[in-house]
2 protein chains.
Amino acid sequence: MTGQAAVSFHQRIYGDIERRVLNGELRPGDRIPSEHELMAVYGCSRMTVSKALTALAAAGMIERRRRAGSFVARPRIERTVMEIQDFAVEAARAGQSYAYRLLARRIERLAEAEGSAFPVPAGTEVLRLDGLHQIDGVVMALERRSVMLDAVPHARETDFTTTAPGRWLLQQVPWSDAVHVISADLADAATARLLGVDKGSALLVLDRETRQTALTITQVRLIHPAALYRFVGHFNPGNG
Amino acid sequence: MTGQAAVSFHQRIYGDIERRVLNGELRPGDRIPSEHELMAVYGCSRMTVSKALTALAAAGMIERRRRAGSFVARPRIERTVMEIQDFAVEAARAGQSYAYRLLARRIERLAEAEGSAFPVPAGTEVLRLDGLHQIDGVVMALERRSVMLDAVPHARETDFTTTAPGRWLLQQVPWSDAVHVISADLADAATARLLGVDKGSALLVLDRETRQTALTITQVRLIHPAALYRFVGHFNPGNG
DNA sequence: TAGTGGTCTAGACCACGGG
DNA sequence: CCGTGGTCTAGACCACTAT
């Protein structure tokens, strides 16, 4: 009964669940079948099921609670890089007020591939959103975002005047992956005015492209006054 | 025989090996006792030993090879963040020449805690190293480093005139962990001259403090011309 | 209280690859 | 060849907690 189909049994179980989570079939908070149920489904021992689920938990894809069951976890990105850019959370933690203010909203159809570092298929309909993140009235970031409407059609009817699109998108398309590029620049006149800093002052810039299975969902550029913002990351051999 | 001493058996095995690796008692490339040997040492079943070793392998701390055994892996930091800052590797990959040039070397004894973001115990003897990283003759970074001599005494007699201290330190003290802070700044006159850029141009700055079990090993500030350098990171829910 | 995950056992067969 | 890791079993007892 020892299935040896190139991949092991626990890898098969791991992969099946991983795929369903990445597909969006299973969403954060959803319950995963119990070990006993998976035993029956796959026709293997509980140890084997346990090995797969334990590995999924170690990878941060699911969370396991006694008596309750196993559940799809929130995306890891939300707990790492997002953590330092979720202004609402940061503000709340420090007892400060947070506000998002929409500056501009328009829908464009891309004639050519994007001029940025990220390639975008031409002809895609894109929702452009510019906005400011403010903490206690101070502008922490200028956000320039593009949302691919074929990937996230609901964005067309969503009101972003006071809701930051970042968190909304995370709820729409969980378990994406992302490429981050961090760079520095000088403030031009227009950017300086929006951020409330001097022209020529230093800026810390984060570009992020979020994808789901090779489909681009959104691109965002977060432009921070260097005096107000830095990125902090902790790395160790054990957990990256 | 089911040991239940607050931590489980496989956690105990995992922790013991992890500690020996972080202590430096086990160094990269060293062989770890086989599963059968660990069974005897801990008096438990092979499955339990296997669970610990499998988890260590998943965490990237060890590598396992059939017939050969299990071995301490190279630090993960070297494969993630370090990767984008190892100028020698980057240059070699692009077929370009790399050079490190030492600018200044001195030994100081700290009277007060460091003025930087990182706290450093006073009274520590510190080796200060300033140097330039050049690729094809172009300065990619100005490095200002402090090496704690109590943590790395060999640094006192080491020649850093052409050897970049980063790689050397990695070999001396493997399996450290680190905190990174990325920020942006404007070039003052002195820095601009060293980097070969205009005064007031944008700089991308990386501060890193490397530790080993709460003991600071080194602090480094890498100052990059923003026009020449950016940090790229890939994140996904599976592996961070 | 009952269901869930957490842990552990004492075996077993297999695949791989270094000696 | 044969020691090593890779996988799997069919149980078992326990800890936790939602109900």
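In what follows, chains carry the letters A, B, and so on, assigned in the order in which the sequence lines appear, proteins first and then strands, with residues in each chain numbered from 1. Since the model is a prediction, treat every value here as computed from it, not as a measurement.
- Side-chain atoms of A:Arg67 come within donor-acceptor range of the base of C:dA2, with a qualifying N/O pair under 3.5 Å.
- Between B:Gln11 and the phosphate of C:dT7, there is a side-chain N or O to OP1/OP2 separation shorter than 4.0 Å.
- Here C:dT9 presents its C1' atom at 9 Å from CE of A:Met47, a figure rounded to the nearest Å.
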Does A:Ile13 form a side chain to side chain contact (heavy atoms under 4.5 Å, CB included) with A:Cys44? I'd like the steps, not just the answer. CA-CA 10 Å; A:Ile13 301 171; A:Cys44 64; 4.0 Å; yes
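- Per the geometry, CZ belonging to A:Arg46 stands 8 Å off C1' belonging to C:dT4, to the nearest Å.
- Close to D:dC8, at under 4.0 Å from its OP1 or OP2, lies no side-chain N or O of A:Lys51.
- Note: CZ (A:Phe71) to C1' (D:dA18) measures 10 Å, nearest angstrom.
- A straight line from CE of B:Met39 to P of D:dT4 spans 12 Å, rounded to a whole angstrom.
- Set against D:dT7, D:dG5, C:dC8, the side chain of B:Thr48 has C:dC8 as its closest nucleotide.
- Both A:Ala68 and A:Ser50 lie near DNA chain C, and the one whose nearest nucleotide falls closer to the 5' end is A:Ala68.
- Atom CG in A:Leu53 sits roughly 9 Å away from atom P in C:dG6 (whole-Å rounding).
- Nearest-nucleotide positions on DNA chain D place B:Arg64 closer to the 5' end than the other of A:Ser45 and B:Arg64.
- No engagement by A:His36 is indicated, since no non-hydrogen atom pair under 4.0 Å with the nucleic acid exists.
- One N or O on the side chain of B:Arg31 and one on the backbone of B:Ala68 form a donor-acceptor pair closer than 3.5 Å.
- A:Ile62 has its CD1 atom 9 Å from the P atom of C:dG6, to the nearest Å.
- Rounded to whole angstrom, the span from the NE2 atom of A:His10 across to the P atom of D:dG6 amounts to 9 Å.
- In terms of phosphate contacts, A:Ser34 brings no side-chain nitrogen or oxygen within less than 4.0 Å of OP1 or OP2 of C:dG3.
- Both B:Thr54 and A:Arg65 sit near DNA chain D, but only B:Thr54 has its closest nucleotide nearer the 5' end.
- Here A:Arg31 lies in heavy-atom contact (under 4.0 Å) with sugar-phosphate atoms only.
- In this structure, A:Arg66 atom CZ and C:dG6 atom P are separated by 6 Å, rounded to whole Å.
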